[in-house]
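This chain uses plain numbering: 1 for the first residue, then up along the sequence. All values derive from a computational prediction rather than experimental measurement.
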Amino acid sequence: PDGFYSIRAQESYSNASSTICRLLDILAGMNGNLCARWKSLNISIKPDQIWFGPPHNAPYPMSLTHPMPSLTRLRLVGFRTGPGATLFPALPSIESIDLQHCSPNNYPDMSHAKEIHLDDVRPWSTRIAFYELPQKLPVLETLSVGGGMLTVNLEEVLMPHLERLIVDFKLVGLVSGLINLPILSQVRTLQLFGSKSSLIHRSDMAEPISDLLRACTSMCTLTINDFILSLLLGDWKNWGHLFEGEEKSNTTRVFLCEEGDMDRWLNLENEDTYVVLMHVATKHHVRLPDEFYGGSVL
């Protein structure tokens, strides 16, 4: 009961919702008395059509209606509920909440979380969902958002200790919705990811990305993937200084996040950086800045 519970429903489960409900209720003990001892809970569900509770007349785990005062980490993937079920009523010790491909109904209280990750959160209809976060997230340090999801009230949320922002761009609207947030000026660590497979046109992305970077006036560390780097190469006049090294005390350290290599620091004083930039330019069909061809950079 004190351990980490990880539950995953595979496509071969013909009655996955009922199976998960029974399993969770067994783990919860008589009248949910063991829920108070849970420290971490991970529920990952496939396929997408598995639902809990109304309006689908599907069962939902009674165990999730009990308080979980000791729970520090909660991860829900594909957990879809209809209105009517009151789940996760009290999570006073929660530190990390990760919601992916979930419905916005009955989401847990996030006010005590230090880390929140929201990705592709959709309701039981086909419309894009919007989470309304608490008006105050007094201890939140890391916010991660992705997909087409963006909270409608993010501008109104007080996050005095937010220092790390992670954004996975799949829709241009997500970029535009972040640009005017007052919290950007306090972000010290920014991570930006995107891909050509996303619903993004390169010409639509360059300006919003530049605006987002300008708004992060306290940024010390920037982590990007090769797609975002290709956008910066296309706007070298404005962002070439990010790769100038450490000769200035306020220079941002830029890291390239690649599979198998998460800590490649891009610095024009490092010969490897030239190779990386050339590779990215070729891969994404972007012309390197004229300075490279003219010899003033290489």
- Task: Could you walk me through whether Glu141 and Glu163 pass the side chain to side chain contact (heavy atoms under 4.5 Å, CB included) test, one step at a time?
- Result: CA-CA 5 Å; Glu141 297 174 355; Glu163 291 193 349; 5.6 Å; no
- Query: Does a side chain donor of either Ser210 or Asn238 reach within less than 3.5 Å of an acceptor in the other side chain?
  - Reply: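 No - no donor-acceptor pair under 3.5 Å links their side chains.
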Is there a chain of hydrophobic side chains (I, L, V, M, F, W, Y, each step under 4.5 Å between heavy atoms) that links [X] to [Y]?
{"X": "Val276", "Y": "Met278", "result": "yes"}
{"X": "Met159", "Y": "Val139", "result": "no"}
{"X": "Phe227", "Y": "Leu288", "result": "yes"}

How close do [X] and [Y] get, heavy atom to heavy atom, and via which atoms?
{"X": "Pro138", "Y": "Pro160", "value": "O-CG, 3.9 Å"}
{"X": "Cys257", "Y": "Thr223", "value": "CB-CG2, 3.8 Å"}
{"X": "His117", "Y": "Ser144", "value": "ND1-OG, 2.6 Å"}
{"X": "Leu213", "Y": "Met219", "value": "CD2-CE, 4.2 Å"}
{"X": "Val286", "Y": "Leu233", "value": "CG1-CB, 4.3 Å"}
{"X": "Asp226", "Y": "His284", "value": "OD2-NE2, 3.0 Å"}

Whether the side chain of [X] engages the backbone of [Y] through a donor-acceptor N/O pair (distance < 3.5 Å, no angle test) should be reported.
{"X": "Asp25", "Y": "Ser63", "value": "yes"}
{"X": "Gln191", "Y": "Val167", "value": "no"}
{"X": "Asn225", "Y": "Ile228", "value": "yes"}
{"X": "Asn31", "Y": "Asn33", "value": "no"}
{"X": "Ser218", "Y": "Ser185", "value": "yes"}
{"X": "Ser70", "Y": "Ala36", "value": "yes"}

- Task: May I ask you to decide whether Arg214 forms a salt bridge with Asp211, counting only side-chain N to carboxylate O separations under 4.0 Å?
- Result: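 A salt bridge links Arg214 with Asp211.
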Nearest-0.5 Å distance that lies between atom [atom1] in [X] and atom [atom2] in [Y]:
{"X": "Leu165", "Y": "Ile183", "atom1": "CG", "atom2": "CD1", "result": "6.0 Å"}
{"X": "Leu74", "Y": "Asn42", "atom1": "CG", "atom2": "CG", "result": "8.5 Å"}
{"X": "Leu222", "Y": "Arg253", "atom1": "CG", "atom2": "CZ", "result": "12.0 Å"}
{"X": "Leu118", "Y": "Asp98", "atom1": "CG", "atom2": "CG", "result": "8.5 Å"}
{"X": "Trp239", "Y": "Thr252", "atom1": "CH2", "atom2": "OG1", "result": "9.0 Å"}
{"X": "His66", "Y": "Trp38", "atom1": "NE2", "atom2": "CH2", "result": "9.0 Å"}

- Among Ile209, Leu192, Leu242, Leu231, the one residue meeting side-chain contact (heavy atoms from CB on, under 4.5 Å) with Ile224: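 Only one of Ile209, Leu192, Leu242, Leu231 forms a side-chain contact (heavy atoms from CB on, under 4.5 Å) with Ile224, namely Leu192.
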- Task: Run through Thr142, Ile94, Leu137 and flag the one making a side-chain contact (heavy atoms from CB on, under 4.5 Å) with Ile116.
- Result: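 Going through Thr142, Ile94, Leu137 one by one, the side-chain contact (heavy atoms from CB on, under 4.5 Å) with Ile116 is satisfied by Leu137 alone.
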- Message: Let's go through Leu27 and Leu34 carefully: what are the C-alpha distance in whole Å and the side-chain angles of both, what is the deciding distance for side chain to side chain contact (heavy atoms under 4.5 Å, CB included) to 0.1 Å, and is it a yes or a no?
- Response: CA-CA 7 Å; Leu27 294 173; Leu34 295 182; over 6 Å; no
- Please collect all side-chain hydrogen bond (donor to acceptor under 3.5 Å, both in side chains) contacts where either partner lies in residues 88-97, sequence neighbours excluded, each pair once.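 Pairs touching residues 88-97 that pass the test: none.
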- Thr221 and Leu190, any side-chain heavy atoms less than 4.5 Å apart: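 A side-chain contact is absent here, since even the closest heavy-atom pair is not under 4.5 Å.
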- Task: Applying side chain to side chain contact (heavy atoms under 4.5 Å, CB included), run through Asp109 and Phe88 and close with a yes or a no.
- Result: CA-CA 7 Å; Asp109 178 19; Phe88 308 105; over 6 Å; no
- Given side chain to side chain contact (heavy atoms under 4.5 Å, CB included), test Ile43 with Val77 step by step and report yes or no. CA-CA 6 Å; Ile43 304 177; Val77 180; over 6 Å; no
